[in-house]
Amino acid sequence: MLDLLNTVNDLMWGYCLIAVLVGCGLWFTWRTRFVQFRMVPEMLRLLTDSSARPQGHERHISSFQAFAVSLASRVGTGNLAGVATAIAVGGPGAVFWMWVMALVGAATAFVESTLGQLFKQHHSDSFIGGPAYYILRGLHCRWMAVLFAVLITITFGLANNSVQTNTICGAMEGAFGWSPVVLGAVLVAMTLVIVFGGIQRIARVSSVLVPVMAVGYLLLAIVVVVMNIQHLPHVLRVIVESAFGIHQAVGGAVGAAIMNGVKRGLFSNEAGEGSAPNAAATAAVSHPVKQGLIQALGVFTDTLVVCSCTAFIILISGLYEVPELNGIALTQQALQSEVGAWGPSFVAVAIFLFAYSSIIGNYYYGEANVRFMTDSPAAMTAYRILSGGVMVMLGAMLSLEAVWSMIDFCMALLTACNLTAIVLLGKYVFRLLDDYRSQKRAGVKDPVFHRSQLPEIADDVPCWE
């Protein structure tokens, strides 16, 4: 059964899905007039000014908090173990294709997160939304919306949390000799305390954890690069040559680099997958484009910054050529070779923070979609126990080859559903972006959107009265 699933994954993750991902990214880049490059200053301005909420939304999630929740899910095992796996399997050229996916995928992330904001709904003391909501309200296709909700709940809320826990326990056991079972029980307790506090508590924890872990890891990577600055031109040359080199093409390594770079790039930055819009929808902002811009910045932060840190550490060490090393073990050994015996311990602590923040971020993606399918308090309680308790504990105890295969399978279906929806609904995003730019050109510092500006879908966007 596992062999059959792996074969299906290879077929779906072949050049067809890669071509669709890149094609959609290029289309959105063109139609938005290169929004992910031209509006970087505005992204940074919005991020630093994101504590301000529209009047009357004091208890709602801020734009920065929504950014932190989505980045908490993005920045996890994919940035430390996933990058190492991509390099070990696809060679250094995989890093180049991860960069391409980020540069192109940021436009896709902008579109999907703007749609998440546009079609969001009121929910207690925050908003709620995501692809299931804009598929239902924008396309009026309930079966597709329910399919997406089921897939993302399984992928992020359940299976992905087991992967994150397994990586934490593996890193901690290797560095400190801690028992996976005991650590798994501790993680269950920590997770349940957070998830039973709802999105407000998740947002507060994420807004503290994410900056601390990202800045700390970035500073360490800068130290390693500066210590080996003479090797940096060689590392960059190896990345480019492995992505396009003649010898690599003859040996079939370019195909492996592209496939692994795209697949692990998507697993890391999630652009086009439909996960980040669930977090983007929670923010209280005056215009949907604002959160779209901030989420595009999240793709750059995840891949061009955090993933590149791991890639440079591994490539400078040269240990990627050792066949026995892969995943988190490769990252730990690479760092140890550069900074000494405390390297594996630092990676273990980093992966704890990265992966734990992903657990609570992934949990919320499932919560938003369980709420889409049912309002039952019992169902929500059962989901919290299953996601934050059972799946976290299983991840500490089991081998996860089958779980990884299931994640790849569901991730492909998720991406296909979401890309179909955002291509069909993208016309609204283009109009919203034109409106935002027009207001900025007219001297409006804080653009505002009202649903009367899109009269044909006014009844489907109730939060923009």
Side-chain angles (χ1 to χ4, degrees), residues 59-62 64-77 123-128 152-173 176 178-214 216 275 278-279 282-283 348-371 374-398 403:
R59 295 188 61 208
H60 281 256
I61 303 301
S62 74
F64 175 77
Q65 288 176 319
F67 170 80
V69 171
S70 66
L71 202 59
S73 176
R74 283 187 174 115
V75 179
T77 57
H123 176 70
S124 61
D125 57 354
S126 70
F127 296 107
I128 193 169
I152 196 171
T153 302
I154 293 173
T155 305
F156 282 89
L158 303 179
N160 209 325
N161 272 0
S162 292
V163 170
Q164 305 292 342
T165 307
N166 186 265
T167 305
I168 290 175
C169 292
M172 288 295 184
E173 185 178 22
F176 307 115
W178 292 359
S179 166
V181 175
V182 174
L183 183 56
V186 172
L187 285 170
V188 167
M190 291 174 60
T191 304
L192 290 178
V193 167
I194 300 299
V195 301
F196 271 92
I199 183 58
Q200 294 283 353
R201 187 174 298 172
I202 292 171
R204 286 195 298 270
V205 172
S206 297
S207 62
V208 173
L209 274 183
V210 169
V212 170
M213 69 186 187
S275 51
N278 295 276
T282 63
V349 173
I351 199 66
F352 181 91
L353 294 175
F354 281 34
Y356 179 68
S357 68
S358 290
I359 288 173
I360 59 177
N362 291 339
Y363 159 82
Y364 178 71
Y365 291 165
E367 176 184 308
N369 286 275
V370 170
R371 292 190 184 281
T374 177
D375 292 328
S376 168
M380 185 52 57
T381 299
Y383 167 70
R384 285 171 172 162
I385 293 173
L386 185 60
S387 176
V390 176
M391 297 306 293
V392 169
M393 196 66 208
L394 285 177
M397 300 169 62
L398 301 178
V403 175

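Both backbone and side-chain heavy atoms feed into the values below; hydrogens, waters and symmetry mates do not. Along the sequence shown, residues carry numbers from 1.
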Checklist entry - Under 3.5 Å, is there a donor-acceptor pair between the side chain of Tyr363 and the main chain of Ile194? => result no
Checklist entry - For Phe352, what residues pass the ring-ring contact (aromatic ring centres under 6.0 Å, His included) criterion, not counting sequence neighbours? => result none
Next on the checklist: Please give me the minimum heavy-atom distance between Asn278 and Asn369, naming the atom from each residue.
Outcome noted: OD1-ND2, 3.1 Å
Next on the checklist: What verdict does the side-chain contact (heavy atoms from CB on, under 4.5 Å) test give for Val181 and Met393, after you've listed the backbone C-alpha separation in whole Å, the side-chain angles of each residue and the deciding distance to 0.1 Å?
Outcome noted: CA-CA 8 Å; Val181 175; Met393 196 66 208; 3.8 Å; yes
Checklist entry - How far apart are the closest heavy atoms of Phe156 and Ser275, and which atoms are they? => result CZ-CB, 3.6 Å
Checklist entry - Under a 4.5 Å cut-off applied to non-hydrogen side-chain atoms, are Ile168 and Ile359 in contact? => result yes
Checklist entry - Between atom OH of Tyr365 and atom CD1 of Ile360, what is the distance when rounded to the nearest 0.5 Å? => result 11.0 Å
Checklist outcome for this item: Taken in chain and number order and not counting sequence neighbours, the residues that satisfy side chain to side chain contact (heavy atoms under 4.5 Å, CB included) with Val182 are Ser179
Item to check | Where Thr374 and Ala379 come nearest, the two heavy atoms and their spacing | outcome: CG2-CB, 3.8 Å
Item to check | Interatomic distance, Leu183 atom CG to Cys169 atom SG [nearest 0.5 angstrom] | outcome: 4.5 Å
Next on the checklist: Just verifying a value: how many Å separate Thr165 OG1 and Leu187 CG, rounded to the nearest 0.5 Å?
Outcome noted: 6.0 Å
Checklist entry - Looking only at heavy atoms, which two atoms of Leu192 and Arg384 are closest? And how far apart? => result CD2-O, 3.6 Å
Item to check | Contacts of type side chain to side chain contact (heavy atoms under 4.5 Å, CB included), residue Ala382, not counting sequence neighbours | outcome: none
Checklist entry - When rounded to the nearest 0.5 angstrom, what distance separates CG in Leu394 from CG in Asn166? => result 11.0 Å
Checklist entry - Sequence neighbours excluded, which residues qualify as side chain to side chain contact (heavy atoms under 4.5 Å, CB included) partners of Leu158? => result Tyr383, Leu386, Ser387, Met391
